[in-house]
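Heads up: numbering here begins at 1 and tracks the sequence. All values below come from the heavy atoms of this structure, side chains included, with hydrogens, waters and symmetry mates left out. Bear in mind the structure is a predicted one, so any value in this text is a computation, not a measurement.
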Amino acid sequence: MGTFIALAVLEGSLRQDISHRFVWIAVAVAIMPTLLWRRSRPLSMVGIAFVGSTSATVLLGGDQSDIAAMGATLLLPYALYRWGSGRDIVIGSAIVFPSAGIAMLTGGLPAADAAGAFIVLFAAVALGLAFRYRARAKARELDQVKLVERERLARDLHDTVAHHVSAMAIRAQAGLAIAESTPGAAVDALRLIEAEAARTLAEMRAIVRVLRRDQPIDDGDRSPNPGITDLEQLAGSTGNGPTVEVEISGDVTDLPATVGTAIYRLAQESITNAVRHARHATRIEVRVTSDDTAVRLLVRDDGDGGPARPAGSPGYGLAGMAERADLLGGTCAAGPNSDRGWTVTAVLPRQGAAT
């Protein structure tokens with residue numbers, strides 16, 4: 001903003017062909033600060049700039065500003081259509097275009113010049129709308145990525161909880177079967193356990209069925225989810241691709257199933273991305289370390305991915321991995337190495353934090 005003000009003052013002072021140049025210098029100095037608030041208050045800034053400059057043109061008998069630096073005010077209609085609300089755009093349009101038309105008519109601008117000016121104005125508007133649409137499309141895509149990852153985590157949580165609750169129900173039923181040889185109080189307790197377990201299972205199935213929408217839960221599938229110990233299955237050759245090396249250190253025997261499954265999923269997705277996008281990679285290193293508070297995952301390759309390597313397909317890329325880690329109270333990040341290759345790091349609290 002300061003640069004534009006300096007340019008306007010310098011141009012207005014040096015050029016002798018500008019009518020009422022001191023007036024227009026003052027107008028430029030007054031209008032330029034509106035650029036500072038073009039994102040937070042686009043409608044107000046558009047109103048100040050366009051109404052102010054048009055009023056000056058009318059009061060000066062049609063003499064328009066020839067200060068080229070004032071072209072920076074085109075950022076205001078761009079900002080209006082880029083960041084303004086729908087209401088702001090409607091009101092702002094009723095200010096911008098009539099004001100521009102009045103200034104051109106009052107100044108007696110030739111038709112060709114007026115058409116060119118409107119084309120430039122429409123270009124700023126179209127650019128603002130294009131970037132607005134692009135930003136919203138990216139936001140929708142990111143929301144979809146997070147939704148899909150939440151669904152995947154919900155499935156893992158369902159399977160994990162279902163195993164534990166099913167065991168509760170089985171034990172309760174076994175207790176009822178031998179209730180005759182136990183004190184009567186145990187019968188009531190076992191009935192409560194059975195009822196609570198059945199209710200919890202029903203609620204879990206209903207919740208996840210809503211998340212899956214068109215994919216009902218297979219109640220017959222009770223195979224456990226993969227965990228950290230299953231990472232060894234990812235080691236070895238990937239066909240014509242790089243070799244995967246897995247190293248696990250620290251105590252991982254008593255990790256919650258949700259944390260173990262998350263580490264496995266993150267490693268699996270990282271390996272998949274490396275195989276797809278790491279050019280000339282020969283080795284993928286997977287390291288898992290665990291201590292009393294957290295579990296850390298590092299997946300590193302030696303390929304020529306570069307800083308612009310894509311993060312995988314929508315729903316299964318870095319955004320989805322970060323969403324899963326965040327749901328468990330952790331973090332996940334990825335980026336290029338200083339020399340070559342790509343590294344994915346994730347840190348999850350040992351006890352998890354999914355709700």
Side-chain angles (χ1 to χ4, degrees), residues 149-150 152-164 167 221-278 281-303 305 309 311-312 316-354:
E149 195 59 34
R150 285 175 179 268
R152 295 181 70 196
L153 181 57
R155 295 184 187 186
D156 293 340
L157 288 173
H158 166 269
D159 295 339
T160 300
V161 174
H163 276 291
H164 293 295
D221 183 9
R222 288 289 179 257
S223 58
N225 290 318
I228 288 183
T229 55
D230 297 302
L231 285 173
E232 298 291 347
Q233 300 176 7
L234 301 177
S237 176
T238 57
N240 296 326
T243 300
V244 179
E245 300 178 1
V246 177
E247 179 183 342
I248 302 174
S249 59
D251 183 13
V252 295
T253 56
D254 60 343
L255 284 178
T258 53
V259 175
T261 299
I263 291 292
Y264 179 90
R265 301 293 191 199
L266 294 174
Q268 183 184 44
E269 185 61 28
S270 300
I271 293 171
T272 300
N273 289 338
V275 171
R276 289 178 179 174
H277 306 298
T282 61
R283 178 172 174 266
I284 301 174
E285 177 186 1
V286 179
R287 288 186 180 179
V288 177
T289 58
S290 176
D291 55 31
D292 295 338
T293 59
V295 182
R296 294 171 175 81
L297 168 69
L298 182 145
V299 181
R300 179 167 51 200
D301 64 70
D302 59 355
R309 182 192 298 184
Y316 302 97
L318 179 58
M321 295 163 64
E323 176 71 7
R324 175 178 284 261
D326 182 66
L327 290 171
L328 292 172
T331 59
C332 180
N337 301 327
S338 58
D339 46 2
R340 58 177 290 159
W342 191 271
T343 297
V344 177
T345 57
V347 180
L348 300 182
R350 189 176 181 87
Q351 297 303 319

With side chains defined as the heavy atoms from C-beta onward, is the minimum distance between V344 and C332 less than 4.5 Å?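 Side-chain contact under 4.5 Å: yes.
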
Is there side-chain contact between V295 and L255, with heavy atoms separated by less than 4.5 Å?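 Contact flag for V295/L255 side chains = yes.
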
Working for side chain to side chain contact (heavy atoms under 4.5 Å, CB included), residues Y264 and T229: CA-CA 9 Å; Y264 179 90; T229 55; over 6 Å; no

List the steps, then state whether side chain to side chain contact (heavy atoms under 4.5 Å, CB included) holds for L297 with V299. CA-CA 7 Å; L297 168 69; V299 181; 3.9 Å; yes

Given M321 and L266, is the side chain to side chain contact (heavy atoms under 4.5 Å, CB included) satisfied, shown in steps? CA-CA 6 Å; M321 295 163 64; L266 294 174; 3.6 Å; yes

Of all heavy-atom pairs between [X] and [Y], which one has the smallest distance, and what is that distance?
X	Y	value
A334	W342	CB-NE1, 3.5 Å
P242	A281	CB-O, 3.6 Å
I228	I248	O-CD1, 3.5 Å
L348	G330	CD2-CA, 4.0 Å
A278	G303	CB-CA, 4.1 Å
D251	R350	O-NH2, 2.9 Å

Please report the C-alpha distance between N337 and T343 in whole Å, then the side-chain angles of each, then the deciding distance to 0.1 Å, and finally whether the side chain to side chain donor-acceptor pair (under 3.5 Å) criterion is met. CA-CA 6 Å; N337 301 327; T343 297; 2.4 Å; yes

Check: S270 main-chain N/O paired with N273 side-chain donor or acceptor under 3.5 Å: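 It does not hold such a pair.
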
So, T243 side chain and R283 main chain: donor-acceptor pair closer than 3.5 Å or not?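 Between the backbone of R283 and the side chain of T243 there is no qualifying donor-acceptor contact (under 3.5 Å).
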
Reference residue V244; test side chain to side chain contact (heavy atoms under 4.5 Å, CB included); the match among V275, I271, D301: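 The residue from V275, I271, D301 that satisfies side chain to side chain contact (heavy atoms under 4.5 Å, CB included) with V244 turns out to be I271.
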
Could you check whether atom CG of D292 has more than 12 heavy atoms from other residues, nucleotides or ligands sitting under 6.0 Å from it?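 For D292, atom CG is not crowded (no more than 12 foreign heavy atoms under 6.0 Å).
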
Do T282 and D302 have a side chain donor and acceptor closer than 3.5 Å?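 Yes.
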
Got a second to check how far [X]'s [atom1] is from [Y]'s [atom2], nearest 0.5 Å?
X	Y	atom1	atom2	answer
Q268	Q233	CD	CD	10.0 Å
E247	R287	CD	CZ	5.0 Å
I284	T272	CD1	OG1	8.5 Å

One thing to verify: whether R296 and D291 come together as a salt bridge, which I'm taking to mean a side-chain N less than 4.0 angstrom from a carboxylate O.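 Salt bridge: yes.
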
